[in-house]
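When reading the values below, keep in mind they use all heavy atoms of this one structure, side chains included, and skip hydrogens, waters and symmetry mates.
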Amino acid sequence: MRLSAKILAFALVGTTLSACSGIAAKQTPKEALQTALSRQFAEDGQYNFTGEGSLKLHRADKTETSDKKHKSVDQTAQRLALFLADHLSLHMEGAVDFPAGLLEIRPEMRYQARNASIAISLPMQLDWKNTTLTADPSALSPYTDIFSDTGINGRMVRFTLPERFKAPAKQIITALPQAVKDGYAALSEEAVSEQPMDEAGKKIRARRCIRLNIDDRSGFAMMDAIIASLKKQTTGTVAADIANLADLAKTIEHDTSKQPSLKNLYASQTDYYLDGRGRIIAYRTSMPVLPMFAELFGAKSGETVVWAKLDYRKPKFTINGAAADIFNFEDLIRRYEQKNSSR
């Protein structure tokens, strides 16, 4: 009897997973992407992640760097920026538990060159239900304690949102999932397309690769939809502040269309890799560097590239936000105020 029950249970699970896979496969690229992104705030809202980011600058040739525009820029600073772009990279890992209101990210900046390797990590945990941010600055705090007497002494640091901001913040946090859904819904069908599976997707056994292309026009449309959704879901002063934000977004949109240096403000290309259940298991995003910043670095153009993988096993958090021995950021402010008042 027990054996029959187990066989029945396995059969039900298999049938359910097959049905989910069939539904995910039949959806259009935009439908599949919207479903996957929506589930990040619900049934798929618990996962671990790893990733890395880099900045790639494409050097301008000598004729382009010899004009008057570039003569006014410090050439030494340009060479340093190009050198660091080649040798610095950002690696990260962390965990998300959306039902519990927790996000932990452990970024690590790495510098690697011949005969040199340096890494600095700054783990942070955001608890948006209690509106606190806890960080572990132990890689830097010994130096700040020596030179400025912060009193951190190797402890974790917590910043708590002031009481007057907590209610507005919680309104926005509650409204944000629906606002993001509405933002993606505002994108055109042409912005989302099915792509042939590449080697990166094959390695992680992805079933679909869906590309999202955003230019300035679709980016502003998406942002307008997000702001409108937030305004609709909030009340009082929060709704009024969001209305002001909408006016600011319109101003930025107008200025961007008139200034070539701000071209590609929202431009990005993201490949989402989905598994057989329609979950996002990885993504790769490429964003062009704004022309004004590329020129500042003495580069012809550039792009930032982010690659991340998601693991839907139980989230693993390394920071204990409830630990008793935590240095409150407010104490650091009081310490400096007392020093200044005693002078």
Side-chain angles (χ1 to χ4, degrees), residues 40 45-57 80-81 83-98 100-113 116-162 165-166 169 173 176 282-285 287 289 293 297 302-311 313-336:
Q40 290 288 300
Q46 294 175 302
Y47 54 88
N48 301 288
F49 64 88
T50 58
E52 58 185 52
S54 60
L55 171 63
K56 298 179 180 179
L57 294 174
L80 178 61
F83 175 81
L84 291 176
D86 287 339
H87 294 86
L88 283 178
S89 61
L90 177 66
H91 297 253
M92 53 192 155
E93 58 181 24
V96 174
D97 189 338
F98 197 83
L102 292 175
L103 163 64
E104 183 172 301
I105 180 168
R106 300 182 290 277
E108 183 179 272
M109 183 64 72
R110 296 179 185 175
Y111 167 78
Q112 290 180 312
S117 180
I118 302 172
I120 297 178
S121 181
L122 180 61
M124 295 174 283
Q125 186 183 101
L126 174 65
D127 180 344
W128 60 78
K129 286 192 174 180
N130 295 309
T131 58
T132 61
L133 175 66
T134 305
D136 182 1
S138 55
L140 301 172
S141 58
Y143 305 98
T144 58
D145 283 339
I146 291 171
F147 292 107
S148 60
D149 187 27
T150 59
I152 297 175
N153 297 324
R155 291 177 290 174
M156 288 187 289
V157 177
R158 176 190 291 135
F159 172 77
T160 302
L161 197 67
F165 296 126
K166 284 188 176 182
I173 290 168
L176 196 56
Y283 65 87
R284 180 177 53 237
T285 299
M287 296 171 287
V289 175
F293 291 118
F297 294 141
E303 62 180 341
T304 56
V305 179
V306 176
W307 164 258
K309 293 193 295 185
L310 281 61
D311 176 2
R313 285 176 287 188
K314 184 179 179 181
K316 297 177 182 178
F317 295 98
T318 62
I319 292 178
N320 179 11
D325 191 22
I326 292 182
F327 184 85
N328 289 309
F329 189 75
E330 292 83 355
D331 294 338
L332 180 63
I333 295 175
R334 291 192 199 97
R335 181 187 288 262
Y336 278 108

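- Expressed to the nearest 0.5 Å, how far CD1 of I118 lies from CZ of R110 amounts to 13.0 Å.
- Taking OG1 of T132 as the start and CG of L126 as the end, the distance is 7.0 Å to the nearest 0.5 Å.
- When all heavy atoms of V157 and I326 are compared, the closest pair comes out as C-CG2, 4.1 Å.
- Applying the side-chain contact (heavy atoms from CB on, under 4.5 Å) criterion to L80, with sequence neighbours excluded, gives L84.
- E104 places a side-chain N or O within 3.5 Å of a backbone atom of T318 that can act as its donor or acceptor partner.
- At least one side-chain heavy atom of Y283 sits less than 4.5 Å from a side-chain heavy atom of L310.
- Applying the salt bridge (charged side-chain N to carboxylate O under 4.0 Å, His left out) definition to pairs two or more places apart or across chains, those involving residues 84-95 are R59-D86, E93-R106.
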Item to check | Derivation of the side chain to side chain contact (heavy atoms under 4.5 Å, CB included) call for D311 and K309 | outcome: CA-CA 7 Å; D311 176 2; K309 293 193 295 185; over 6 Å; no

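- Between the CH2 atom in W128 and the CG atom in L102 there is a gap of 7.0 Å [rounded to 0.5 Å].
- Contact record, D97 with Q46: OD1-NE2, 3.1 Å, taken as the closest heavy-atom pair.
- Residues meeting the side-chain contact (heavy atoms from CB on, under 4.5 Å) test with D136, sequence neighbours left out: P123, S138, M156.
- Using a 4.5 Å heavy-atom cutoff, the side chains of L88 and L55 are not in contact.
- One finds the CH2 atom of W307 at 9.5 Å from the CD atom of E52 (value rounded to the nearest 0.5 Å).
- Side-chain atoms of P137 and L122, non-hydrogen and from C-beta on, do get closer than 4.5 Å to each other.
- Heavy atoms only, all atoms of each residue included: L57 and A85 are closest at CD1-CB, 3.8 Å.
- When the shell of 6.0 Å around NZ of K56 is examined, it contains 12 or fewer heavy atoms from other residues, nucleotides or ligands.
- Side chain of S121 to main chain of P107: a donor-acceptor pair is present (N/O by atom type, distance under 3.5 Å, no hydrogens or angles).
- Among all heavy-atom pairs drawn from K166 and L161, the shortest one is CE-O, 3.3 Å.
- Closest approach of M92 to I105, counting heavy atoms only: SD-CD1, 4.3 Å.
- Nearest heavy-atom pair, A95 versus N48, reported as atom, atom and distance to 0.1 Å: CB-OD1, 3.5 Å.
- Separating the CD atom in E108 from the OG atom in S89 is a distance of 8.5 Å, to the nearest 0.5 Å.
- Atom OG1 of T134 is separated from atom CZ of F317 by 12.0 Å, given to the nearest 0.5 angstrom.
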